[in-house]
Each structure stands twice: as C-alpha cells, then as structure tokens.
Amino acid sequence: MNDFDEFDAFEGASGGGSLSQRAMAARPAPYLDELNPAQRAAVEALDGPVLMLAGAGTGKTKALTTRIVHLLNTGRAGPHEILSVTFTNKAAREMKERVGRLLGQTVEGMPWLGTFHSICVKLLRRHAELVTLDLALGAGGEDPLAAAQTTAQAAAQQDDVLEDLTGQPFAPAAIPNHLKSNFTILDTDDQNRLLKQLIEAAGMDVKRWPARQLSGVIDHWKNRAWTPEQVPTSEAAAFNNRGIELYKQYQRRLIELNACDFGDLLLHVVSIFQRYPDLLDQYRRRFKYILVDEYQDTNVAQYLWLRLLAGGHKNICCVGDDDQSIYGWRGAEVGNILRFEKDFPGAEVIRLEQNYRSTSHILAAASGVIQGNSNRLGKTLWTDQGDGEKVRLIGHWDGEEEARWIGEEIEAGQKGARGVRPHGLDEVAILVRASHQMRAFEDRFLTIGLPYRVIGGPRFYERMEIRDAMAYFRVVTSPADDLAFERIVNTPKRGLGDKAQQKIQMAARQNGVPLVEGARLLLQDKGIGGKGAKELALLVDNIDRWGRLAGDEDLSHIELAEMILDESGYTTMWQNDKTPEAPGRLENLKELVKALEQFENLSGFLEHVALIMDNDSQDAEQKVSIMTLHAAKGLEFPVVFLPGWEDGLFPSQRSMDENGVKGLEEERRLAYVGITRAEEVCTISFAGNRRVYGQWQAQLPSRFIDEIPEEHVEVLTGSGYAGGGYGGGMGMGGLGGVASSIDSRVADANVYNSPGWKRMQARSHQRPVGQPKESLKTVIDLQAVSAYTLGERVFHQKFGYGSITGIEGDKLEIDFEKAGPKKVVAKFVTAANDAGGDVPF
DNA sequence: TATCCTGTCCTTTTT
DNA sequence: GGACAGGATA
C-alpha cells in the first residue's frame, strides 16, 4: 500500500510535466540579478542546512521563492521533490503565485508546497491505516523530543532520530482499529463537545472543569508531540489529575469516530515516521529539499516532523526571524530557531538585514525596543529609504479620546497633513494588542462615518449557521459522523430534546453503530413515540435520500446542498427568526452555497473547508484596517497607529504574570512587529484612563515607550486638538493633561531616557507636594499625588466632583457625586477649590 | 421544551 | 460591561 510507484503516479496526476528537471536544467538565472548580496547568498546556498534570518521587510518571501525557482532551474530537484511548508494558507498561496510568476508559468506541479497541516492531511490520507489505536495512544513511547535532542548531540550520525526508535513490522491490516483515509477533521467546536461528553462520563463537574480547559491542555501536549503514553509524569496533576486519562479516552474516541483534530494531523504523522522507518526513508528520498517559512513559529511537533524528514540529506532551509516570534502561547518554541545551528551542525546562517519597507526613524525605533530582549540571534536592520518621519507619540485622556484623535488624524491624513503626502484609507492600519480595544474605534468610526474593516475576528466558517449547514453536509456524505448528527438532530427544533437524544445514544451504543443507525433501530423498536418519532423518521429518511442523491449524476452538488438546507427546514428556521442577525445568517448561507461552485462535490468542499479557514473578504471600497498585532504579522502599511501602549494592556499583564520575563519578551517582540509594519508614519499612543471590565482604571504609559530611542521620537502635544474643537473642560484637563506630562519629560531629556515607568512611580512618591505652578499643567501633573487626604473633596475632569475614600500609591479611590465610586490616578484630580477655571462638562 | 435569569469569565489564534 | 453558558422556571 505504500508502494512508491503508486505514489509517483499519484504525483504525476497532479503535476505539470513541463517543469521536469531536464527541461529546466542549466538555464540562465536572470532572477539572481534582482537580489541583494545576502538574498543571493541565501538563494545560492542550495545544499546542506541553511538558516535564513530575515528581519522584518527584508524580502524574505522573495528569497524563498527565488530559491525554489533556483532549485528547479539548476535541476537539483523536480517540482514534486521540494517540500515547502508555511503556516498559513495565505502564505502558501502567495508563494505559489510568486514562484509561478518567476517561472512564467503556473506551478500546478508543486504538490508539496502548503501548510504543515495540509501536507500532513495529504500524508495521512495515504497512510491513515497506520494510525492504529496503539499508535494514537503512543504506547512504548519515550518523549520524542528528548530522544531527538539526545541524538542531536551526537549530531554526526546519519539517521539519528530513527536509531532510537524501535521499528515495528508493517502489519496494519491485522489491527482492525485504525483510521480510514476518509477521516474527518474536527474543529475546536467538535473537539469541545466531544471532550465535554468525556468529562461528564468521567463524573466530573463540567462547570468546574470546562471542556475548553481540557482541550487547551491536550492541545498543549499535542504541540509538544506527546501521545498519551508520552505525557511526562510531571503533568499528571493536569485537569484535576484526570488529564492524561481523559486524553487517552479522547484519542480512543477519535479513532472510533474516524476523526482527527488539528493537533493529530501532525502528531500522527510524526508517530508514523518514528514507527515506520522504511516509510520515512521513502519520504526522505522523495523530498530532496525542504524549505520552511516562519521557522520561529514552529512548535515541537512541527520541529520533530522537520527533523525526521530532513534527517537524511539535511537539505533544509529554514527562514525566520527570532524577533518576530509571537506565538509562544500556542506552542511555538523560539528555541527551535535559536538552536538551529546546534541541531544542524555546519549550517550556514545568512542574515537578511536590508529593510525595504520602513524609513530609518521607524526602523531605529523598532530596533531600540527589541534590543531590550536578551536571547536573540541578533540582526541589525538598515535601510536606504531615507530618514522620513520620526515615530510620533501622543498621550490621551482615555480610550475614547484616543479613538477620536486617531479618527481625526486619519481624516486629516487623507488630505495630507504636516508635510506628509496624502494617504488613502487603504494605506492606514490600526493595530491593537487585544481585540476588545477595537470597539472604541468601531464606535468612533461609525459615528463619524469613516469606513473601516476589521481583520480577523470570527471567521466565516466558524459561524453558527455555516457550521450547522456543514454538519448537514457531513451527515449526508458520511452518515457515521456522529458529531455532525448530534449537531443537527434537533436543529431546527424537531421535538428531539435531551431525553430523545439519550435514547438514540443508547440504541447506537448497545448495537455498536453510529447514531443515525441507532436512530433507525430506535424507530423500528418503537422506542420513541409522538411528534419526535415522526420527525426523527423523516430526518433519517431524508438523510438516506440525500445520501443517494449525492451519487446522482443529474443533480449538481449545489442543487443538492440547497435541497438539504430547504428540506431539512434549516432555511425556514432562519426565515422565521426575528432576531436582527437572522437576515445576515441567511445571507451567509447563500454565500456558502456559492462557495460550493468551486468544488466538484460536497466532500471535496468539506475537505477544503476543514483546513482553510480563510476570511479574506476583498472589497473595493477604501477602508481603514483594524486588527490585532498578531494578525498584522507579515503585513505592511504606509500609516500605522499603535494605540493602547499602556502597562498592563501592552505589555499585557497576564502575559507577564503567567510567563514572567519570557512573557515580557514576547510582548516586546509584538511591539517590534507593530512598529515594523509601518512604512512612512508610525504613531504610538496611550491613554491615562481606560475602562477594563467595566471599571475605570488609571493607566501608565507602556514601558516599551521608554525603550524607543529619544532621537527617533516626536512627541505630539495634541495642542491643536485640545484647545479647539471641544469643551474648554476637555481642553487642558483631558488631552492636554497627559500630553503635557510627556511634554515635561521631553523638556528634560534625562528624564526621558530613564525608564519612565519606574520614574513615574518614583516621582509620584518623591516629589514634594509643591506649590502648584502657574498653569493647569502642574495641577494635573504627577506630583500632586500624596497631597490629598481622605475625605477631601476633589474635582475630576471626567467624573466631576467627589470625595476621596482611599489612597493607594498614586491612585485615589473617589466616591464621585455623579459617577459613583472610581479609582483614579491622582494626577487627573485637582483639589475641588483649585479647579477654578475648569468647566465641568 | 422554550425562556429567562444568574453566575462566570474575560489576550493573542492558525490549522 | 457584556457575552455566554447553564440552571431554574413556566
């Protein structure tokens, strides 16, 4: 079954023979002339391990794609002999396009250019039968990473990893319990429902021990390439001491269901390669050259996967940037890239340092920040793009004010302001740390009618109605898909509640059949009556009928899909729904059916959807982009706003609490990613007050702000905005307040250079409660802090008058007459009698 | 079985 | 503050 001839035939079917090695060999290579020396070195170092350290905006994709072309062109490998892995479908698509463009033809013939997951699916479909229960549970395992690392030390060994693993004879057919090649891929939703069932079955309180938490634990283990047997004892306490046991049960259920979750796709392939060295060897010979994009994002399982495949020839080229490793929280190991030279002795390390994206002020600002991290491989980015604008920094009163200001800046920027060329809305991005920050911008932009688009967020295929519809399709194409059946059995409502569903479950379990069959038996035995019985009978009949129609030549899968959605009553359900979302959901269903057009049948579509959660809605209108910093990686914009640079928000408190210095460093890399997205104008801002979980909280500027070298920063006072436009009350107190506190530190350069966060704290305690200087600026400056006494009546720009009920460092607890009790930073409060000229709003 | 209320949680997210 | 899930209620 693993016959290689068949495998080749399989390849040939998808491949354009036009790219054959012979045809390409010894052609001139004009594309090399378009590279800078470092890029060219990276492209020409074809054999042996290569680490391409590509800083932000240094033309990494160009180097990578040219390398592929060069491999083909020199006849080193055919298109089907290059394994080229990315993390996202988008990156894979872009690479395909660019390789195609360089070659001047399509690259149909590169079957192994794709995401880790899609390539693993391809492999697993071919070798599903090797995934036995035994393999899935990982019996006899030691920690595969430990094994790999020990062998890494004896690095000269040829087939290192394999020598530590006991191969077992190929006898999959003898074991009935294994995956079949038509296995389904579960998404997080399915996963959680399944886990919940298991948790309940284990007699645990689902409320105290939520499925989401368990799935997090299991994912974490899978990311580390631990099968249940390999989970180290140090993890035994996980999930109320039941984690490992539940993991085992979960894997068992998945095999029973003929299903994999995302983690399994990698884990199973790694297990297969480890257990069947002969098979691995075939693939090692097959994939003559391996290229990996975003290597800093690989987790342990991916790392092992790569090590196994590259173990023979070691022709592996990893591209990445340790400074842009921002996915540690989902299992990525920066260590993988830091360790590359140890893993692959003799590796050539090539640094791409010429940045083609940003002006030098922006680049210098980013470099200044990232230098705060230890444990870097180190790169020095440079550019000949000219100095450009300094990074602009501005403080605001609160989050809404920040959003308002940014809105105005964008509008002004369209016309061109401050000597900067006019920018269209498409050229502007707002990058936030956490998605809840987006709200202030959406609110504001809706009021002023500024078009925006939110990138990221709930994906099309994750929407409830889409998942329901797809569950119907799944039940039709594979009736044994119990999770899909459970999802739709009572959607729309068919009078089949918990009790009825339990009966179905019982019937199915007793007879060892899938739920649909269980339902059929239940009906035959008259184990269920009334309305429910009638409805269930109808549903089961429908599923049968749709299933038959799926094989009907005369009915297109699109018509079938429409039929399923209509006859099941699903469309009607939403038509009758009066909630405001209903029309949108119907719209989405239509879009879903439209998406079917690109596929030959329903199962082809389902396969695609399982792996491709793309949400690239392209529309023509010019819009400002709003997204998280994570979502922005790999993108670039002429104008970038980076709001919310406040300690606790960014860097995120949680990140620091849970992961200490490691967490902080990842946050810093995020800051680096953020700044380096900007081509021409980069504006960082922070607010003095922010509502967190409904509570007003005083915020201090992010420590990262102080890490930007002063000479690359221009501090905006916002004076043009504070005075004009709105209420006198807002004037100095609001915007001016924070801005002027920055002002003061700019006036005093030494102060700016010191770690501002500490300084602010120190200051608030040290400075004597001095005599207020003449301007309001002083009143709102930091030193006023301990001037207050309990019970004192004070005035606050936003909340009005109140009395102090508590003092805690530089924060005051104040019971406001109108706004109620709040915690406020002292600098934003004045003694009530001092507030003289201020106009309460 | 449907609906309302109450308690809990609360970065980042691809596949 | 608000989304969401689960339990209590009609």
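The sequence lines fix the lettering, A, B, ..., with proteins before strands; numbering per chain opens at 1. Only this structure's heavy atoms are used, side chains among them; waters, hydrogens and symmetry mates stay out.
Both A/Thr88 and A/Gly497 sit near DNA chain B, but only A/Gly497 has its closest nucleotide nearer the 5' end.
Of the charged side-chain nitrogens involved, at least one lies within less than 4.0 Å of a carboxylate oxygen, so that A/Asp297 and A/Lys633 count as a salt-bridged pair. Comment: A/Arg690 does not engage A/Asp398 in a salt bridge, judged by the lack of any side-chain N to carboxylate O separation of less than 4.0 angstrom.
Rounded to whole angstrom, the span from the CG atom of A/Asp189 across to the P atom of C/dC4 amounts to 12 Å.
Looking at A/Arg669, its side chain never comes within 3.5 Å of a backbone N or O of A/Asp323 through a donor-acceptor pair.
Proximity note for A/Lys196 (side chain, C-beta onward) versus C/dG6, B/dT15, C/dA3: the nearest is C/dG6.
Counting non-hydrogen atoms under 4.0 angstrom, A/Gly263 reaches nothing in the nucleic acid. As judged by a 4.0 angstrom heavy-atom cut-off over every strand, A/Leu496 is placed among residues touching the sugar-phosphate backbone only. Within 4.0 Å (heavy atoms only), A/Arg439 reaches sugar-phosphate atoms of the nucleic acid but no base atom.
Note: A/Phe704 and A/Phe650 have perpendicular aromatic rings, judged against thresholds of 30 and 60 degrees for the angle between ring planes. Classified by interplanar angle (parallel below 30°, tilted 30° to 60°, perpendicular above 60°), the ring pair A/Phe239/A/Trp209 is perpendicular.
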Between protein and nucleic acid, restricted to nucleotides 4-13 of chain B and to nitrogen or oxygen atoms under 3.5 Å apart, what atom pairs and distances do you find?
unit_1	atom_1	unit_2	atom_2	d
B/dT11	OP1	A/Tyr693	OH	3.1
B/dT11	OP2	A/Tyr693	OH	3.4
B/dT11	O5'	A/Arg654	NH1	3.3
B/dT12	OP1	A/Ser435	N	2.7
B/dT12	OP1	A/Ser435	OG	2.3
B/dT12	O4'	A/Arg433	NH1	3.3
B/dT12	O2	A/Trp329	NE1	3.4
B/dT12	O2	A/Arg433	NH2	3.0
B/dT13	OP1	A/Thr628	OG1	2.5

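Contact annotation: A/Asn89 side-chain N/O to B/dT14 OP1/OP2 distance is not under 4.0 Å.
B/dT11 adopts a syn glycosidic conformation, its chi angle falling within 90° of 0.
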Throw together a table of side-chain donor-acceptor distances under 3.5 angstrom for residues 195-202 of chain A, partners on residues two or more places apart or in other chains.
unit_1	atom_1	unit_2	atom_2	d
A/Gln197	NE2	A/Glu486	OE1	2.7
A/Gln197	NE2	A/Glu486	OE2	3.2

